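Note that the structure is a prediction, hence the values are computed from the model and not measured.
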Amino acid sequence: MEEQILPETDVAELELQAVIGFNGHVPNGLKCHPDQEHLVYPLGCTVLIQAINTNEQNFLHGHGNNVSCVTISKEGDYVASGQVTFMGFKADIILWDFKKRELIARLSLHKGKIEALAFSPNDLYLVSLGGPDDGSVVVWSIAKRDAICGSPAAGLNVGNATSVVFSRCRDEMFVTAGNGTIRVWELDLPNRKIWPTECQTGQTKRIVMSSGMADDDSFFYLGTTTGDILKINPKTKLLADTGPMKDKFSLGVSALRCLKMGGLLVGSGAGLLIFCKSPSYKPIKKLQLQGGITSITLRGEGHQFFVGTEESHIYRVNFTDFKETLIATCHFEAVQDIVFPFGTAELFATCAKKDIRVWHTMSKRELLRITVPNMTCHGIDFMRDGKSIISAWDDGKIRAFAPESGRLMYTINSAHRIGVTAIATTSDCKRIISGGGEGEVRVWQIGCQTQKLEEALKEHKSSVSCIRVKKNNEECVTASTDGTCIIWDLVRLRRNQMILANTLFQCVCYHPEEFQIITSGTDRKIAYWEVFDGSVIRELEGSLSGSVNGMDITQEGEHFVTGGHHHLIKVWDYNEGEVTHVGVGHSGNIMGIRISPGNQYIVSVSADGAILRWKYPFAS
């Protein structure tokens, strides 16, 4: 977000309507608010507040880099979030007012990363733990919004502390734990000091992943990377018991919650959710989920709770029947492409790594998921008749799927040598035009049962990044990272015109009247070109930093949108060449952007797995 909007221009803000996304890799990132109506979770640099029963979302913007931890105070008045930053720079903690949804204070002392945060039971203090480069623990006063005291979190001969848990009854006691270190801290407010006591675990040496405190402070529990649980008494600082002796939790105990009625909810790195009790820690109830479990958060007393996994799934589980309901999903890899079917804005498709997903636009629900394991999808397109989704894969195959069932309809094997990098279809549904990593553009004839190579056009020297077809299917334009755009005659299957520029072209669009094209790429310039003779008409400065990766133009051709590495969406007036609106909200590089048919929404996708829906700013 380094780029600032220039003050002299009166650029309006785009209205962000909805976000599909959840960063499942943040430990304990998913939190249920004490009002039992909202979930709070991180996505890139933003913290999302999602109403559980409605589609309403609020966004807390303020971090300059990815959010690494989130916590909510016991009463629910405050939310605190910490971020990562570059080596040697200060990493901020932001204290938010939940009701007003606004920033109260920025607390910065730690360097590099905030590892964990915890509020004291009466909302008097916030304790923060710095990352591996920082290694300190700091207690902040919430009333004064200032640090009270700090101390190195772990001793000299042990590893870093990675988790912190506050006492449930006293504002002066908290526990930090990590690689070979477990400490109980006492806050001495008059002297502004915190005093640690090492817990004695005897021969057991463990690396702690997760922690939980019993409601009456009688014990605290620590989940470890080796898949067992330590139970420690904070008064005597002695190990009470450990377990399970056999059948330890595979890939470590990555999330842990104590229940009021006694017993523990345990989530493992292999996606197993278990209810068990000390001292045996044998599973009383269990459930297998998709992706390693990173958060368990209780709704109220824990009759219902929510689970977040590394594959960015959010589940709701009822304790009594221990059955899961999937309430939210999103991509957990960089999203490569987004496309709307012809003539409808009700749904759209995105692709990321091994998944193609079809989404319902208004409800943000995932309607279909198509997975090809261990492959990467580079681009997708809907056939004009809506009967198939055509996709480009890095194993050199073009695959066509049915958009309702996700059934594989046909595959074109070895369509390109170095993977298929771009794809487009003609409006009569008889041809597919594909571009490959080696720079070839190939035209395929699609029959009822057959797929035939019509022509291989060898001009580009490097991978093809974008293909757009003219409305009458007689011409197409391909953009390539070799610094050329070529306009092809699809009737004679020859090159009509070539455009040269000192840039890696990433995106190209026809103006709807089809006598001009606009291109952009890594030189950050948006260029207008004459289709007839390939001459440049004008060049605009597309962004101040980073490449422009995605571009789309309205059906009328009055406005177009761009997005790229600078994390901003820009709406441009085509004739004036001026930015009219800017959308701030992405925290990863924007990989693709589309205006919906009928000009209601703009949907953009980014490298952090997020899909954002914006209100299209002009009445159509």
Once you round to the nearest 0.5 Å, how far does [atom1] of [X] lie from [atom2] of [Y]?
{"X": "Ile412", "Y": "Leu453", "atom1": "CD1", "atom2": "CG", "result": "9.0 Å"}
{"X": "His360", "Y": "Leu347", "atom1": "NE2", "atom2": "CG", "result": "7.0 Å"}
{"X": "Ser604", "Y": "Leu14", "atom1": "OG", "atom2": "CG", "result": "9.0 Å"}
{"X": "Lys397", "Y": "Cys377", "atom1": "NZ", "atom2": "SG", "result": "14.0 Å"}
{"X": "Glu324", "Y": "Asn318", "atom1": "CD", "atom2": "CG", "result": "11.0 Å"}
{"X": "Ser391", "Y": "Gln336", "atom1": "OG", "atom2": "CD", "result": "13.0 Å"}

Among side-chain atoms of [X] and [Y], is any donor-acceptor pair under 3.5 angstrom?
{"X": "Asp337", "Y": "His378", "value": "no"}
{"X": "Ser163", "Y": "Ser211", "value": "yes"}
{"X": "Ser462", "Y": "Thr481", "value": "yes"}
{"X": "Asn549", "Y": "Gln506", "value": "no"}
{"X": "Ser606", "Y": "His586", "value": "yes"}
{"X": "Ser427", "Y": "Asn473", "value": "yes"}
{"X": "His331", "Y": "Thr350", "value": "yes"}
{"X": "His63", "Y": "Ser81", "value": "yes"}
{"X": "Asn65", "Y": "Thr85", "value": "no"}
{"X": "Thr484", "Y": "His460", "value": "yes"}
{"X": "His565", "Y": "Ser545", "value": "no"}

Closest non-hydrogen atom pair, [X] against [Y]:
{"X": "Thr294", "Y": "Glu310", "value": "CG2-CG, 3.6 Å"}
{"X": "Leu493", "Y": "Leu457", "value": "O-CD2, 3.4 Å"}
{"X": "Gly227", "Y": "Lys248", "value": "O-CB, 3.4 Å"}
{"X": "Asp608", "Y": "Gly44", "value": "OD2-CA, 3.9 Å"}
{"X": "Ser596", "Y": "Ala345", "value": "CB-CB, 3.7 Å"}

Under 6.0 Å from the ring centre and within 45 degrees of the ring axis: does the NZ or CZ of [X] meet both conditions for the six-membered ring of [Y]?
{"X": "Arg468", "Y": "Tyr510", "result": "no"}
{"X": "Arg365", "Y": "Trp359", "result": "no"}
{"X": "Lys323", "Y": "Tyr315", "result": "no"}
{"X": "Arg316", "Y": "Phe306", "result": "no"}

Problem - Flag if over 12 foreign heavy atoms under 6.0 Å of CD, Gln445 - result: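 Enclosed.
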Exercise for the section: Dump the intermediate steps for side chain to side chain contact (heavy atoms under 4.5 Å, CB included) on Thr225 and Val253, then the final yes or no. Expected result: CA-CA 6 Å; Thr225 51; Val253 176; over 6 Å; no
Exercise for the section: Can you label the angle between the Phe348 ring and the Phe340 ring as parallel, tilted or perpendicular, going by 30° and 60°? Expected result: tilted
Between [Y] and [X], does any NZ, NE, NH1 or NH2 come within less than 4.0 Å of an OD or OE carboxylate oxygen?
{"X": "Lys113", "Y": "Glu115", "answer": "yes"}
{"X": "Arg206", "Y": "Asp228", "answer": "yes"}
{"X": "Arg442", "Y": "Glu455", "answer": "no"}
{"X": "Arg417", "Y": "Glu438", "answer": "no"}

Handout entry: is_close_aromatic(Phe249, Tyr281), centroid dist under 6.0 Å
Key = no
Handout entry: side chain to side chain contact (heavy atoms under 4.5 Å, CB included) between Met375 and Lys353, worked out
Key = CA-CA 7 Å; Met375 302 300 168; Lys353 196 84 176 152; over 6 Å; no
Taking the side chain from [X] and the backbone from [Y], do they hold a donor-acceptor pair closer than 3.5 Å?
{"X": "Asn160", "Y": "Thr162", "result": "no"}
{"X": "Ser465", "Y": "Ala479", "result": "yes"}
{"X": "Gln83", "Y": "Gly64", "result": "yes"}

Practice task
Could you walk me through whether Ile499 and Ile486 pass side chain to side chain contact (heavy atoms under 4.5 Å, CB included), step by step?
Solution key: CA-CA 6 Å; Ile499 289 163; Ile486 297 181; over 6 Å; no
Practice task
Given side chain to side chain contact (heavy atoms under 4.5 Å, CB included), test Phe319 with Phe305 step by step and report yes or no.
Solution key: CA-CA 7 Å; Phe319 182 78; Phe305 52 93; 4.1 Å; yes
A side-chain contact here means heavy atoms from C-beta on lying under 4.5 Å apart; do [X] and [Y] qualify?
{"X": "Cys466", "Y": "Phe505", "answer": "no"}
{"X": "Met209", "Y": "Thr224", "answer": "no"}
{"X": "Leu298", "Y": "Arg257", "answer": "yes"}
{"X": "Leu273", "Y": "Ile296", "answer": "yes"}
{"X": "Val307", "Y": "Leu289", "answer": "yes"}
{"X": "Ile398", "Y": "Ile423", "answer": "yes"}

